[in-house]
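Only one structure is covered here, and it is reproduced in the block below.
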Amino acid sequence: MSPVGGLTWTVYDADKMTQAETYGLVLSELGKMNPKIVGLSADLAKSTKIGKFGEKFPERFFNLGIAEQNMFGVAAGLAKVGLLPFVSTFSVFASMRAVEFLRTDVCYQNLNVKIIATHGGTSFGSAGTTHHSIEDLSIIRAIPNIQLIVPADAVETALAVQACVEVEGPVYIRIGRSFEPRVYQTDQYGFQIGKAVEMKSGTDVTVIACGAVVYHAVEAANILEREDGISVRVINMHTIKPIDREAILKALMETRRIVTFEDHNVIGGLGSAVSEVIAESGKACAFTKVGIPDQFTPHGYPEDLMHYYKIDTDGIVEKVRELLGKEFEKEEDWEDEY
Amino acid sequence: MPLTEQEHKELKTIAKKIRKDIVDVTHWSGGSHIGGSLSMVDFMVVLYWKYMRIDPKNPSWEDRDRLVLSKGHGGVGHAVILANRGYFDFELLKEFNQFGSAFGMHLDSKKATGVEASTGSMGHGLSQALGMALGARVLKKDWKIYAVLGDGECNEGSIWESAMAANHYKTSNLIGFLDRNHMMIDGPTESVMSLEPIDKKWEAFGWYTQVINGHDMVQICDAIDKALTHNGGPSMIICDTIKGKGVDFMENNPAWHYGGLNAEQAEKAKLSIDKMYPDVP
């Protein structure tokens, strides 16, 4: 098996590591190659694993204490003088506690700051609502200049972290907290920011997912194919912004049924981004977005929360079956509605 | 270095011209944060004309010193200072605040030459300045980083996050100026949100703190000299100033935090400046 992007470890290692652990390792490797990389955290160096970089390069790592606003301002200042800051904290804090600093200092000035936000969605389930990040995609997506990536597993996290160094300007990568099942058997699948990955071809319905949900989407598609004889296309929309319009329009034309699944509020995240493309296309389509239905999430283990919100394998099977029974109206049926 | 008599005369002349230019730009622009721009003129002139290692013709020179206007609403004052220092043509400020202009109320670092950071939202500039100061350490550069804060701005929690971190990392290359003009939008600072004892607060956060008359250039130079030789951590120079300094009907009047001037008021303001500085050409 080939090493990931030329680094000194392989995709097999991804089986043993969380997304965050992978990130810490990759960043440490990148730090050797690029002396401009600096790391910042707000007393979450250990939890986010940016501390791995800090151990290797103490003179290039700054722990700013529990003070996220200042951390983003400092990141902007470091980028202003030509350094390449990586900032890590929990997604709930990166996207909300300090969002105006991210928006005004980093994004408005279009600075080369990379935010690797961990504990995204409900992945820190047992910590409760204060630590669930179900609005981050929506908030970050609305800020100009920044690109937003939600990798599906540790392999994709490694590729996304490497890819974000190659693009100029702010990038926000949202990863999970816990061990995410590996989706990819290889890193040679052509990861590219802004380019969705078709995990499975299909003609009856398209499932679009991001993050840890992608694994379940593939599993669910296999079950639906086996048990129901349905041909399910699965798209890993790892980049929420810029969204891959082409992949959505292709799915729309070829399957006419689309369901999105995300570990996020159904307002403003992946489902919204996909629905915007569909609405602007002018084509009719059966569509549902599945995620957290605009409510605060309860405590619980991540797998229980994913089950509750129907973004695990069982939930995806159920929701796709529902959508298949749902027909979009043809134009001739509209008259009675006015 | 202490001011020579000649230097003092020259800097006072520049400061007087800048005050009048601020009045003009306020008139052209339809309105500006004139009060807090006038209060910071004297120490800004001392910094830009005497202390900062800069080359206005090469604004992105890597080895320059950097100044971040954390009180970003002082944009009109900063723009006038930068124009007079030679960063761009003063005539450009005739379009201040207008659509398509590179210059407006809160300056955009991507558009306004010489502006190191886009500020305007309170409590952001100090953290960016701290990032630059830490960056100098990583890159092994001897840059000085200056941050100019408003007093009302010190209500922001983020200022104290930065204050704590600057002391933690002992950034001796970071020198703050606090424009202590005692006024904010809604009134005197001590009635809106008490700041005193503000010097003790900065001291308690580990900053080498001096309190001076922010309109006395001799005291300003003396304080900067001391801050530059202080190696134990960041410095804060609290400049006791008068909001609207130089224009009699604006001084100490919070109503002139932001305001517009018609042609007649602008003339009156400039006459007042002449009267306030009769010995300065």
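Lettering follows sequence order; numbering is per chain, from 1. We use all heavy atoms of the structure for the numbers below, so side chains are in, but hydrogens, waters and symmetry mates are not.
- Annotation: side chain of Arg66(B) is in contact with side chain of Val81(A) (closest heavy-atom distance under 4.5 Å).
- A donor-acceptor pair under 3.5 Å is absent between the side-chain atoms of Lys110(B) and the main chain of Asn110(A), judged by distance alone.
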Worksheet item: How far apart are the C-alpha atoms of Leu64(A) and Tyr169(B), what are their side-chain angles, what is the distance that settles it, and do they pass the side-chain contact (heavy atoms from CB on, under 4.5 Å) test?
Response: CA-CA 9 Å; Leu64(A) 278 318; Tyr169(B) 285 105; 4.2 Å; yes
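- More than 12 heavy-atom neighbours from other residues, nucleotides or ligands sit within 6.0 angstrom of NZ on Lys114(A).
- When side chains are defined from C-beta on, Val138(B) does not count as touching Glu59(A), because their heavy atoms never get closer than 4.5 Å.
- More than 12 heavy atoms of other residues, nucleotides or ligands shown are found within 6.0 angstrom of CZ on Arg141(A).
- With hydrogens and angles ignored, the 3.5 Å screen pairs a side-chain donor or acceptor of Gln109(A) with a backbone N or O of Ser118(B).
- For chain A, the nearby parts of Ala117(B) are the backbone and the side chain; heavy atoms of each come within less than 4.5 Å.
- The residue among Ala67(A), Ala76(A), Gly82(A) with the most heavy atom pairs within less than 4.5 Å of chain B is Ala67(A).
- Neither the backbone nor the side chain of Phe72(A) comes within less than 4.5 Å of any heavy atom in chain B.
- For chain A, the nearby part of Leu139(B) is the side chain; its heavy atoms alone come within less than 4.5 Å.
- In this structure, CZ on Arg60(A) lies 14.5 Å from CG on Leu134(B), to the nearest 0.5 angstrom.
- Among all heavy-atom pairs drawn from Ser127(B) and Gly73(A), the shortest one is OG-CA, 3.3 Å.
- Open room surrounds CZ on Arg103(A); 12 or fewer heavy atoms of other groups in view lie less than 6.0 Å from it.
- A distance of 11.0 Å separates CZ in Arg137(B) from CG in Leu78(A), rounded to the nearest 0.5 Å.
- Lys80(A) places a side-chain N or O within 3.5 Å of a backbone atom of Glu116(B) that can act as its donor or acceptor partner.
- Around NZ of Lys111(B), the count of heavy atoms belonging to other residues, nucleotides or ligands within 6.0 Å does not exceed 12.
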Practice prompt. Assess whether side chain to side chain donor-acceptor pair (under 3.5 Å) is satisfied between Ser158(B) and Asn70(A), documenting all intermediate values.
Written response: CA-CA 6 Å; Ser158(B) 56; Asn70(A) 181 50; over 6 Å; no
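- Chain A forms the most heavy-atom pairs under 4.5 Å with one residue out of Ala165(B), Gly120(B), Ser121(B), and that residue is Ser121(B).
- Between Phe101(A) and His124(B), the two ring planes are parallel [angle under 30°; tilted spans 30° to 60°].
- Neither the backbone nor the side chain of Trp160(B) comes within contact range of chain A, judged by heavy atoms closer than 4.5 Å.
- By number of non-hydrogen pairs under 4.5 angstrom with chain B, the leading residue of Leu111(A), Val38(A), Asn63(A) is Asn63(A).
- For a residue to count as touching a neighbouring chain, one of its non-hydrogen atoms must lie under 4.5 Å from one of that chain's; by this rule Glu100(A) touches chain B with backbone and side chain alike.
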